[in-house]
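In what follows, a structure is listed as structure tokens, so that the remarks can point back to it.
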Amino acid sequence: MAANASHFVGAAKNGLGRYLCQLKRLTLQFCSQGGSSRGLREYIDSEIAKVAKNSPQVAIYVRERRRRHPRLVAEFLNGNSRVVSVKNFSPEQVAKHVTALRDMSGVKPVKLNKRWHTDRPTIQGNWTPFMYKKNLQKPSPESRKTNSF
């Protein structure tokens, strides 16, 4: 039976198969007295039960940190974690960040575009889209006289 379970977990893929939420644990850390935690405290009082019910695969922890600014700590299945400061945020802004963390894959972003560099520059110059375009200006009458064959 254990072999079948590991085969099933390996077969679940995001995109082509069953969706597997990558967020493993979400910790909401706040101060019970601090003014910067007001929005997070209101969010916890009103919305956290709905979020927990809609996302049963995510473990949600609420932790008090005295004399500290509020933050969200997300831990993903691949081992990465992400910390988001929610200092002086409204409950709507906190909800937006919780949703974004829940939908994230946990993979760190990779910059795809790189600056062009070569060790052997060309003598002819770099290619441009206008390299083989014909000159659209009308030739002057003087150039017609000099270029006649």
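All residue numbers in this chain count up from 1 along the given sequence.
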side-chain contact (heavy atoms from CB on, under 4.5 Å) against Val58, all qualifying residues, sequence neighbours excluded: Cys21, Leu23, Leu26, Ser55, Ile60
At what distance, to the nearest 0.5 angstrom, does NZ of Lys96 lie from CG of Leu101? 12.0 Å
Working to the nearest 0.5 angstrom, can you tell me the gap between Asn78 CG and Ser105 OG? 7.0 Å
side-chain contact (heavy atoms from CB on, under 4.5 Å) involving Asn88 - partner list, sequence neighbours excluded: Ser36
Got a sec, which residues hit side chain to side chain donor-acceptor pair (under 3.5 Å) with Arg25, two or more places apart in sequence or on another chain? Glu75
Nearest heavy-atom pair of Lys24 and Leu77: which atoms, and what distance? CB-CD2, 4.0 Å
Can you list the other members of the hydrophobic cluster that holds Val83, where links are side-chain heavy atoms under 4.5 angstrom apart? Val73
Consider only side-chain heavy atoms of I, L, V, M, F, W and Y, link residues closer than 4.5 Å, and tell whether Phe89 and Val62 are in one cluster. yes
If you measure from CZ on Arg68 to OG on Ser37, what distance do you get to the nearest 0.5 Å? 12.0 Å
Determine whether Val98 and Val51 make a side-chain contact, defined as any pair of heavy atoms from C-beta on separated by less than 4.5 Å. yes
Heavy atoms, side chains only, cut-off 4.5 Å: are Arg82 and Phe76 in contact? yes
For the pair Gln22 (side chain) and Leu20 (backbone), establish whether a donor and an acceptor sit closer than 3.5 Å, ignoring hydrogens and angles. yes
To the nearest 0.5 Å, what is the distance between CZ on Arg38 and OG on Ser90? 12.0 Å
Side-chain contact, heavy-atom cut-off 4.5 Å: Asn80 with Lys108? yes
Rounded at 0.5 Å granularity, tell me how far NE2 in His97 sits from CD in Glu92. 12.0 Å
Filter on salt bridge (Lys or Arg N to Asp or Glu O under 4.0 Å), then keep only pairs touching residues 49-67, sequence neighbours left out; what's left? Glu47-Lys50
Output all residues satisfying side-chain contact (heavy atoms from CB on, under 4.5 Å) with Val110, sequence neighbours left out; order by chain, then residue number. none
Looking only at heavy atoms, the pair that brings Pro91 and Tyr43 closest together is O-CD1, 3.8 Å
